[in-house]
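The block underneath contains the structure these notes are about, expressed in structure tokens.
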Amino acid sequence: ALLDRALRLERPGPFQVEAAIQALHNDARDAADTDWPQIVALYRSLLEWRPTPVVALNHAVAVGEADGPVAAMALLDDPAIAEPLEAYGHYHSARAEQLRRLERRAEAADAYRRALTLTRHELDRRFLERRLAALSA
């Protein structure tokens with residue numbers, strides 16, 4: 001309701017765009033039901049407001065869901081994203097997921113291992129360890 005009211009003001013800003021992205025995630029029953037093309041478009045808009053490497057990373061992940069892992073990897077391997085996020089575990093995790101989907105198993109395993117070295121949260125570590133183990137199975 002708050003998002004609808006804000007949108008009626010016709011003065012979108014970064015908070016409204018972020019809220020719209022979250023609303024699309026909330027409306028979906030699961031990842032397959034998510035309106036990824038709309039999320040990609042919203043992240044493009046958000047990049048105009050907040051051209052940060054993390055927003056670009058989130059955009060690349062959404063592109064991967066909408067357009068596939070080849071399109072996502074083209075964005076993720078761009079030095080404008082890769083270099084500032086070298087020490088960010090979520091960047092390596094995102095790359096690993098796209099590489100896994102491309103069946104580039106050795107590269108995916110390397111990216112999962114790099115993500116693990118940068119991850120402090122136990123739930124994230126367990127997820128990454130399961131993904132890495134699945135590559136070996």
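Values reported hereafter were calculated over all heavy atoms of this structure, with side chains retained and with hydrogens, waters and symmetry mates removed. Not measured: the values here are computed from a predicted model.
Within the 3.5 Å criterion, the main-chain N or O of G64 finds no donor-acceptor partner in the side chain of W36. Under a 3.5 Å cut-off, the side chain of S45 and the backbone N or O of A41 do not form any donor-acceptor pair.
Taking CG from D124 and CG from L118, the interatomic distance works out to 12.0 Å, rounded to the nearest 0.5 Å. With values rounded to the nearest 0.5 angstrom, R104 atom CZ is found 7.5 Å from R95 atom CZ. Interatomic distance, CD1 of I21 versus CG of N58, reported as 8.0 Å (0.5 Å rounding). One distance of note links CD of E129 with CD of E122; it measures 7.0 Å at 0.5 Å rounding. Taken from CG in L46 to CD in Q16, the straight-line distance is 11.0 Å, to the nearest 0.5 Å. If you take NE2 on H59 and OG1 on T52, they are separated by 12.5 Å, rounding to the nearest 0.5 Å.
Across all their heavy atoms, I81 and P53 have their closest contact at CG2-O, 4.4 Å. Nearest heavy atom pair, residue D27 against residue D33, reads O-OD2, 4.2 Å. Nearest heavy-atom pair across P79 and P84 is O-CD, 3.5 Å. When every heavy atom of V63 is checked against every heavy atom of A72, the shortest pair comes out as CG1-N, 4.1 Å. Taking all atoms of both residues into account, the shortest heavy-atom contact from A66 to P37 is CB-N, 4.0 Å.
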TODO: Determine, step by step, whether L76 and Y91 satisfy the side-chain contact (heavy atoms from CB on, under 4.5 Å) criterion, reporting the C-alpha distance in whole Å, the side-chain angles of both residues, the deciding distance to 0.1 Å, and the verdict.
DONE: CA-CA 8 Å; L76 292 170; Y91 166 73; 4.2 Å; yes
Open item on the list: One pair to check against side-chain contact (heavy atoms from CB on, under 4.5 Å): H90 and T119. What are the steps and the verdict?
Closed with: CA-CA 8 Å; H90 293 296; T119 300; over 6 Å; no
- [ ] Check step by step if side-chain contact (heavy atoms from CB on, under 4.5 Å) holds for Y88 and V54.
- [x] CA-CA 9 Å; Y88 187 54; V54 172; 4.2 Å; yes
Task: From CA spacing to verdict: side-chain contact (heavy atoms from CB on, under 4.5 Å), R100, R105 - done: CA-CA 6 Å; R100 180 187 62 78; R105 297 167 75 80; over 6 Å; no
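The side chain to side chain donor-acceptor pair (under 3.5 Å) test applied to E65 returns no partner, not counting sequence neighbours.
In the hydrophobic cluster analysis, where Ile, Leu, Val, Met, Phe, Trp and Tyr join through side-chain heavy atoms closer than 4.5 angstrom, L57 is grouped apart from L47. By the criterion of side-chain heavy atoms lying less than 4.5 angstrom apart, applied directly or through intervening Ile, Leu, Val, Met, Phe, Trp or Tyr residues, Y112 is not grouped with L102; the two fall into different hydrophobic clusters. Under the 4.5 Å side-chain heavy-atom criterion for Ile, Leu, Val, Met, Phe, Trp and Tyr, V17 and Y43 are members of the same hydrophobic cluster. Both L24 and V55 are part of a single hydrophobic cluster, where members link through side-chain heavy atoms under 4.5 Å apart.
When the shell of 6.0 Å around CD of E103 is examined, it contains 12 or fewer heavy atoms from other residues, nucleotides or ligands.
Put simply, the side chain of R114 reaches to within 4.5 Å of the side chain of E86, judged on heavy atoms.
In this structure, R50 is positioned above the aromatic face of F15, its NZ or CZ under 6.0 Å from the six-membered ring centre and within 45° of the axis.
Residues R131 and E97 are paired through a salt bridge, judged by an N-O separation under 4.0 Å between the basic side chain and the carboxylate.
Between the side chains of R101 and Q98, at least one donor N or O lies within less than 3.5 Å of an accepting N or O.
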